[in-house]
> 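Below is the structure I would like to discuss, written out as C-alpha cells.
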Amino acid sequence: MNKPLLRAFSISFLTALLAGTAYAQSGAVKSAGNVSNVQINGQQVKIATQNAFAEVTVYSPSVIRMRVDKQPLAADFSFAVIAKPQQTKATINQNDNEVSITTDSLKLIISKKPFAATFYTLDGKVISQDEKGLSTSWVNESVTTYKHMQDGEHFIGLGEKTGNLDRKGNGYTNWNSDTFGYRTDQDPIYSTIPFYIGVHHNLNYGIFMDNTYQSDFNFGASNNRFSSFGAHGGEMNYYFIYHKHLTDIITSYTALTGRMKMPPLWSLGYQQNRYSYYPDTEVYRIAQTLREKKIPADGITLDIHYMDKYKVFTWDKNRFPDPAKLTARLKDMGLKLTLIVDPGVKTEQGYPVFEDGLKNNIFIKYSDSTNYTGEVWPGWCHFPDFTGEKGRNWWHTQIKKYADVGVSGIWNDMNEISTWGQKMPDNVIFNYEGQNASHLQAHNVYGLEMARASYEGYRKALNNKRPFILTRSGYAGLQRYTAIWTGDNRAEDDHMLLGVRLLSSLGLSGVPFTGMDIGGFTGNPTVALYTRWMQIGAFSPYFRNHTGVNTKSAEPWAFGEEALEVARNYINLRYRLLPYLYSSFYEATQNGHPVVRSLAINYTHDQRIYSAQFQNQYEFGNGFMIAPFTSADTYGTVYFPEGNWYDLYNDALITGKQEKMMRVTTQKLPVFVKESSIIPMQSLVQSTAEKPTDTLTVHVYKGNRNNSFVYYEDDGESYNYENGTFYKRTIAYDAVKKQIVFAKAEGSLSSKFKYIKVQLHGFADNDKIALNTKSANTKTEFVSFLTPVSSFDPQGVINAAEGHNVKTITMSNSSNQMVLSY
Ligand code: GLC
C-alpha cells in the first residue's frame, strides 16, 4: 500500500473506530455484541454475548424460538402460547465463528461476531436474515430485531390491521385502542396479533413476536433497509416458522397459539342487531318481522340499553321485566339471544356487583393498592382483573346470571380497556398470572383475558353447551375462546372493502371466526351499499347486521323491496350453504385454516394478488372465490388465479391466470367456484333450529386438479364431538382416475341426511356416470342459487335468477365408501 493510500486508510479506519465507539458509548442504542459463551443442551442453545443473553429452542422441525434479553433469561410465561417444544431431531454444532442448528425442515446459523441469526432452507436459500450491524438491539428499554429486507418481499398478516393486504412500506403499532369510526388507514385499532408472514423468492415464513408490551412493526416504512419488530419493554421473544406452503405456516402458528373449538351452529346463522333494541316489545317486533318476511335468522343481540343505567349484570326492569320469558319466546321462534357485556363495574354503593367485586378484591389497582377508577358508559368504574385466576373466577360467578335466564351468547365490548378512548395511567397494576405487571405490559392482553373469562365461565354455566363469545379486543391466541368483530366501522364503501381485508388478515393470523358490522356502524348506508354489504356478509364467518345509536333503521326491510329481496336471496343462500360452512369451521378446528382466505393463502407467489386492484378478493372456505366491489361499480375486473373457475350463477367456465372485466350489479355478488370443488348444501330453513329435508345436495365441479373436502356434522351444540360423537367423511375429487370418492364415514353419529344428491357441474352429456362401477341413472336438473328479484333491469343483462342444467344423481347416504366414476 503506498503512503497516501495508507494514510487515507488509517484515517477512515480511525474515524470508523471512533464513530463506532461514540455510537456504542451513546448508551441509548445498544446491540447484543459478540458471542462470549455457548451452551448446547439437547434442542436448546444458551448463548451469552457482550451485552445480552439468548436462548434458542427448537419447537418442531419448522418452528424455532428465539429469546434475547439484556438480563439473564428467567422462566417465562405466555398468555398466547399453549404449545411446549416437541421432541425434535436437531443437529447443533458450533465453531469459532458460528452456531448451526439443523432440523429436517430448516437450518439456522447464528454468527458469533457479532450475534446475528440467518435462517436457511436445507438447500441453502436465505429465508430470513438479521440485518447486518443491527440484528437484535435496544434503544433504552425498547428491544427490536431487524431483518434484512429481501428483494420483492411482501408482508401479510399482523391481525386486525388497516391498510393494504401487502404491508410493505408501512409501519404498525400494537396498542389496543377504542377507535370509534376509525379511518381506513388508522393504526392501531382494537386488537393485537404480533404475527406476520413474509413472502419472497418463492419462499414464505412466519414470525410471531410474543411480547405484550406496546409493539412496533416496520416493513420498510421510512427506511429502505430492513423489516423490524420490537416492543417497548420485556424481552425479544419470537417464533420463526418455515414451511414450503403458507397453509402449513398457519397450521404451525395455530399449533403454538391454539385453535378454535366448534362454534354453536346457531352462531353461523344470520344475527340481527342494533344499538339498541328496547324494550322487549321492540325485540319481539324485530323477531316477528324476520319471520313474517321470511328472512332466515338465528339470533338477536341486545346492546347496552338492556342494562339498568349501563350497569353490567343488571336488567332495566321497565324495558325488560322478564328476561327469562324473553329468551323463551325467542327460542320458540328459533332465535337465540346474545347480550353485550362491558368490563367496567360502576362504583355505586348498593350495586351488588360492585360490592361483591370489592369484597372479593378483584379489581385492578394502583401501586398503592387502591382500586383504579376510570370513566366509561355507566360513569366511574372499577375494572375486574381478568389477567389473574381470581378475577376470572369472580367473572364466572357473575356471568352465570345470564345463563340462568337463557341467554346464549356473550358479546365482550370496551375491553381494550376503553375509558372513553382516553389514555389510561401506566402505573395501574394487573395480576398477570401472579406476576404483577404494570398497565404497560398487561394492556394488550386484557381483552383476550376478558373473552377467556367469559368463555370459560359461560361454558360452565351452560353445562358444557357451546357458548357463543364475541370480543372487540384481543391478543394472539384469542381464537381459542372467541369470535372477533372489527368494531365501529363506517357506512362507507371503503370501509366495507377494508372490512374484507381485516377479515382476511385476521384469517392469516390464526383467527377464523370473524365479522364486521354489516351495513356500517356510524352513518347510514345507501341502498346500494347496504345491499352489497349484506351479500358480503353472507360470505363472512360471523354474519351480523349492526348499526349505531342514532342511525336509521338497518334491518333488511328498511331499504325498500329490492334491497330486501336481494338481502333475503343471500341470507337464504347462506342457510343452504350451512353444511359447507360448518365443515369449513371444522377444518379451522383441525388445522387453523381460516374461513375467509386471502388469495395469498393458496396463491402465495402469484404477484398479481398483492396489487391494490385485486387485494380484496378472497376465498370463502375451500371452494368459493368472492370478488367484492363497491356499491358504485358498474363494471369491475376480477383476477382469476391459476386453474379453472366457474361463475356460481351460470356455470360459465373461466380459465385462470387472467384478468376479466365484467358487469357488476347490486343484485349479485360476483362469486366463483374453483374447479374440482365439492360444495355440500341443504334445503332452505328459517333458522338452524329447523330441520332441513333429508337430502344433502353435494355440488361437484368438474376440474383438472385433485381435491378433497372433509364433510362434517355433529349435534351443533355440545362438546360431545370431542369424544367421537360426530359424523365425518372425506369426499375426494380425483381428476386422474375420474372419480368422486365418498370415503367410509367416521364417528359414532349418523348423518342427519338420508340421501345424497350429487349435482355435477361442467360435466358433458356423454360423461357416463357409474356408482360403485354400476352404470347409474342420472337426471338433468335445473339449478339456481338465487330467486328472481322483482326490480326491472333496464339493460336486460342481469337476471338474478339465472341458473343452469346439471347432471344429477341421487343415492342413499350409506356410510360405506361410495365411488362415482365418469
Ligand atoms: C361500542 C361498540 C358498539 C356498541 C356500542 C354501544 O361502540 O363497538 O358495537 O354498539 O359500544 O354498546
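None of the values given here were measured: they were computed from a predicted structure. The analysis underlying the following values was restricted to heavy atoms, covering all of them including side chains, and did not include hydrogens, waters or symmetry mates. Whatever order the structure lists ligands and atoms in, that order sets their numbers, starting from 1.
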> Would you call Thr338 and Ser408 a side-chain contact if the rule is heavy atoms closer than 4.5 Å?
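They are not in contact (no side-chain heavy atoms under 4.5 Å apart), so the answer is no.
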> Does anything in residues 278-289 form a salt bridge (Lys or Arg N to Asp or Glu O under 4.0 Å)? List the pairs, not counting sequence neighbours.
Glu282-Arg285
> Between Arg392 and Glu389, is there a side-chain N and carboxylate O pair less than 4.0 Å apart?
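Looking at Arg392 and Glu389, the cut-off is not met.
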> Using the side-chain contact (heavy atoms from CB on, under 4.5 Å) criterion, which residues pair with Asn211? Sequence neighbours excluded.
Met209, Tyr213, Ala231
> Closer than 4.0 angstrom, basic N to acidic O: yes or no for Asp316 and Arg319?
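The answer is yes: the pair qualifies as a salt bridge.
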> Show me the short polar-atom pairs for ligand 1: any N or O of it lying under 3.5 Å from a protein N or O, with distances only.
from     : atom 1 : to     : atom 2 : distance (Å)
ligand 1 : 7 (O)  : Asp488 : OD1    : 3.3
ligand 1 : 7 (O)  : Asp488 : OD2    : 2.7
ligand 1 : 8 (O)  : Arg472 : NH1    : 2.9
ligand 1 : 8 (O)  : Asp488 : OD1    : 2.5
ligand 1 : 8 (O)  : Asp488 : OD2    : 3.4
ligand 1 : 9 (O)  : His546 : NE2    : 3.1
ligand 1 : 10 (O) : Asp303 : OD2    : 2.4
ligand 1 : 10 (O) : His546 : NE2    : 3.0
ligand 1 : 11 (O) : Asp413 : OD2    : 3.0
ligand 1 : 12 (O) : Asp303 : OD1    : 2.5

> List the residues meeting side-chain contact (heavy atoms from CB on, under 4.5 Å) with His495, not counting sequence neighbours, and say none if there are none.
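Counting only residues at least two positions away or on another chain, His495 forms a side-chain contact (heavy atoms from CB on, under 4.5 Å) with Tyr182, Thr184, Asn489, Arg490, Glu492, Leu498, Trp533.
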